[in-house]
Asker: 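Quick one: the structure is below, and I'll ask about it shortly.
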Amino acid sequence: MNKEEHYLKNRFLELAHAAYVRNIYTYTDFLNLNEQSILLNISKELPPVKFELTGGNDYTMRKIAVFFPETVYYEQKLPISVIKIAPIHFQYADSLSHRDFLGAILNLGITRAKIGDIFVKDNVAYVYCIRDIAPYIAENLSKVKHTLVQCSHVEKQTEQITPEFQTIQGTVANVRLDSLISTAFSTSRSSILPYISEGKVFVNGKMVTSNGYTPKIGDIISVRGKGRFLYDNLLGTTKKGRNLVSVKRYI
């Protein structure tokens, strides 16, 4: 571990200890995939508490860690809010991307760790963020690129927020990590191997360095530098005995 990773490990231990000693919920800011993997790898070193990773949505990649006692008598609301950012005049709006929305938010002086996933559809962004920072974003963000925008809080229970997917089917000899990745990104298995061996592949937030790893249906697989996809289904076998698989690649 480098210096930053050691600091992060100590921060996880500190939050877990506070949850255990004080019998409370404790939280991190949003963690990237490498940071989530560090937490999962040190889980046996934590005090006797429970923890979960959540981004406020089943499809999110960036997540906060929630630590809580093994026996807890109350449930606490997650410190995550959703802000909807939409052009005021759609007919005059620029074509806005994930990068455009994120850049406009960071230009407000907000650190990246306070912002989770951003889903963009039809020029509208849904931004997951730490709850305390949500009012500041809503009150101060008025422009993305050259487009005037308006912000509003979204109740996650009343609006379905999902990413857009491209469904891809293919056949593989064996349902292995390298085979699924090559199917999802339409490339050869041999070109995928360096990504796996160099620690650039994560399954449900945990780094996996074995190309023979067998994912489960529903796993979210992220490849740094390429994107991510959901292992959707095993559809059957062909006459030649190959497995027909379906994956959903995030757009």
Side-chain angles (χ1 to χ4, degrees), residues 1-15 26-42 51-67 78-86 94 96-121 123-145 147 149 151-154 156 161-164 198-207 220-228 250-251:
M1 283 188 179
N2 59 34
K3 186 176 180 180
E4 291 182 358
E5 290 172 340
H6 273 294
Y7 172 81
L8 185 63
K9 174 183 175 180
N10 290 334
R11 179 58 176 159
F12 292 147
L13 293 172
E14 176 186 326
L15 289 170
T26 58
Y27 310 91
T28 66
D29 285 336
F30 284 99
L31 306 172
N32 61 33
L33 289 172
N34 187 57
E35 292 165 340
Q36 294 171 42
S37 185
I38 291 171
L39 173 57
L40 293 171
N41 286 332
I42 69 163
F51 77 90
E52 63 180 28
L53 291 164
T54 177
N57 183 312
D58 291 341
Y59 299 101
T60 53
M61 182 168 61
R62 297 177 64 85
K63 302 178 186 294
I64 68 170
V66 183
F67 300 93
L78 287 175
I80 298 176
S81 291
V82 182
I83 298 294
K84 179 180 180 180
I85 307 173
D94 296 309
L96 302 176
S97 67
H98 179 283
R99 178 176 293 184
D100 296 325
F101 286 106
L102 177 61
I105 293 170
L106 298 185
N107 283 338
L108 297 176
I110 297 170
T111 61
R112 185 65 180 95
K114 299 294 182 181
I115 306 300
D117 279 36
I118 301 175
F119 296 132
V120 180
K121 185 174 183 180
N123 245 17
V124 175
Y126 296 89
V127 181
Y128 287 79
C129 64
I130 296 298
R131 187 188 333 153
D132 291 347
I133 208 71
Y136 180 79
I137 296 174
E139 292 170 10
N140 291 278
L141 185 62
S142 58
K143 183 182 290 188
V144 178
K145 290 180 71 174
T147 300
V149 298
C151 302
S152 57
H153 293 271
V154 175
K156 296 187 287 293
I161 304 170
T162 59
E164 293 186 284
E198 293 170 11
K200 296 180 179 180
V201 175
F202 299 83
V203 179
N204 297 331
K206 188 170 185 177
M207 184 187 299
I220 295 177
I221 300 167
S222 302
V223 183
R224 189 175 294 163
K226 281 191 170 293
R228 55 180 164 150
Y250 286 64
I251 298 176

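All of these numbers come straight from a predicted model, not from anything done at the bench. All values below come from the heavy atoms of this structure, side chains included, with hydrogens, waters and symmetry mates left out. Start at 1 with the first residue, then count along the sequence.
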Asker: Please check: side-chain N/O of R99 versus main-chain N/O of L102, any donor-acceptor pairing under 3.5 Å?
Answerer: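 Not a single qualifying donor-acceptor pair exists.
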Asker: So, does R228 use its side chain to make a donor-acceptor pair with the main chain of Y250 at under 3.5 Å?
Answerer: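 Here the side-chain-to-backbone pair does not exist.
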Asker: Are more than 12 heavy atoms from other residues, nucleotides or ligands located less than 6.0 Å from atom NZ of K143?
Answerer: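 Incorrect, the count does not exceed 12.
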Asker: Nearest 0.5 Å please: distance from the CD1 atom of I133 over to the CD1 atom of I83.
Answerer: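 Rounded to the nearest 0.5 Å, the CD1-CD1 separation comes to 10.5 Å.
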Asker: Mark yes or no for whether E139, through its side chain, and Y136, through its backbone, hold a donor-acceptor pair below 3.5 Å.
Answerer: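 No, E139 side chain to Y136 backbone: no donor-acceptor pair under 3.5 Å.
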Asker: Taking the side chain as everything from C-beta on, heavy atoms only, tell me whether L39 gets closer than 4.5 Å to N41.
Answerer: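 Side chain of L39 against side chain of N41, heavy atoms only: no contact under 4.5 Å found.
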Asker: In terms of heavy-atom contacts, does CG of N10 have more than 12 from other residues, nucleotides or ligands at under 6.0 Å?
Answerer: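 More than 12 heavy atoms, drawn from other residues, nucleotides or ligands, come within 6.0 Å of this atom.
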Asker: What verdict does the side chain to side chain contact (heavy atoms under 4.5 Å, CB included) test give for N34 and E5, after you've listed the backbone C-alpha separation in whole Å, the side-chain angles of each residue and the deciding distance to 0.1 Å?
Answerer: CA-CA 9 Å; N34 187 57; E5 290 172 340; 3.4 Å; yes
Asker: What distance do S222 atom OG and L33 atom CG have between them, rounded to the nearest 0.5 Å?
Answerer: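 S222 atom OG to L33 atom CG measures 4.5 Å (nearest 0.5 Å).
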Asker: Given side chains that start at C-beta, do those of I80 and F30 come closer than 4.5 Å, heavy atoms only?
Answerer: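 In contact.
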Asker: Side chain to side chain contact (heavy atoms under 4.5 Å, CB included) for F119 and V127? Distances and angles first, verdict last.
Answerer: CA-CA 7 Å; F119 296 132; V127 181; over 6 Å; no
Asker: Mind listing the closest non-hydrogen atom pair of I105 and I115 along with its distance?
Answerer: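 Closest approach of I105 to I115: CG2-CD1, 3.8 Å.
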Asker: Would the distance check show the side chain of S81 and the main-chain N or O of C129 forming a donor-acceptor pair, the cut-off being under 3.5 Å?
Answerer: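 It does not hold such a pair.
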Asker: Looking only at heavy atoms, what is the nearest atom pair of F51 and F67, with distance?
Answerer: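 Smallest interatomic distance, heavy atoms only, reads CB-CD2, 3.6 Å.
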Asker: Working to the nearest 0.5 angstrom, can you tell me the gap between N57 CG and K63 NZ?
Answerer: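 Result: 8.0 Å between the selected atoms.
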Asker: Which heavy-atom pair separates A134 from H153 by the least distance, and what is that distance?
Answerer: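 Nearest pair, atom of A134 first, then H153: CB-CE1, 3.7 Å.
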Asker: Please give me the minimum heavy-atom distance between N204 and L40, naming the atom from each residue.
Answerer: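 For N204 versus L40, the nearest heavy atoms are O-CD1, 4.4 Å.
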Asker: Is the backbone of L96 close enough, under 3.5 Å, to the side chain of D100 for a donor and an acceptor to pair up by distance?
Answerer: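 Not confirmed, D100 side chain does not pair with L96 backbone.
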Asker: How far does CG of L8 sit from CG of L13, to the nearest 0.5 angstrom?
Answerer: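 Going from CG on L8 over to CG on L13, the span is 10.0 Å.
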Asker: Look at the side chain of Q36 and the backbone N and O of M61, then say whether any donor-acceptor pair between them is shorter than 3.5 Å.
Answerer: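 Yes, the answer is positive, given that a donor and an acceptor are paired below the 3.5 Å cut-off.
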Asker: Drop me the distance from E35's CD to N32's CG, to the nearest 0.5 angstrom.
Answerer: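 Going from the CD atom of E35 to the CG atom of N32 covers 3.5 Å.
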Asker: Tell me whether T28 contacts the main-chain N or O of A65 through its side chain, where contact means a donor paired with an acceptor under 3.5 Å.
Answerer: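 Checked: pair present.
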Asker: Would you say the side chain of F12 lies within less than 4.5 Å of the side chain of L31, judging by non-hydrogen atoms?
Answerer: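 SC-SC contact between L31 and F12 confirmed.
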Asker: What's the shortest heavy-atom distance between I137 and L108, and which atoms?
Answerer: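 So the minimum-distance heavy-atom pair works out to CA-CD1, 4.3 Å.
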Asker: Quick check on E198: does its CD atom have over 12 non-hydrogen neighbours (other residues, nucleotides or ligands) under 6.0 Å away?
Answerer: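 Result for CD/E198: enclosed.
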Asker: Side chain to side chain contact (heavy atoms under 4.5 Å, CB included) for K121 and V124? Distances and angles first, verdict last.
Answerer: CA-CA 5 Å; K121 185 174 183 180; V124 175; 5.9 Å; no
Asker: Return the minimal non-hydrogen interatomic distance between V120 and S97, and the atom names on each side.
Answerer: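 So the two residues come closest at CG2-C, 4.4 Å.
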Asker: Answer yes when D117 and R62 have at least one side-chain N-carboxylate O distance shorter than 4.0 Å, and no when they do not.
Answerer: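 Salt bridge absent between D117 and R62.
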Asker: Could you go step by step and tell me if L78 and T54 meet the side chain to side chain contact (heavy atoms under 4.5 Å, CB included) rule?
Answerer: CA-CA 9 Å; L78 287 175; T54 177; 3.8 Å; yes
Asker: Find out whether I220 and F202 are in side-chain contact, i.e. whether some heavy atom of one side chain is under 4.5 Å from a heavy atom of the other.
Answerer: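 Side-chain contact under 4.5 Å: no.
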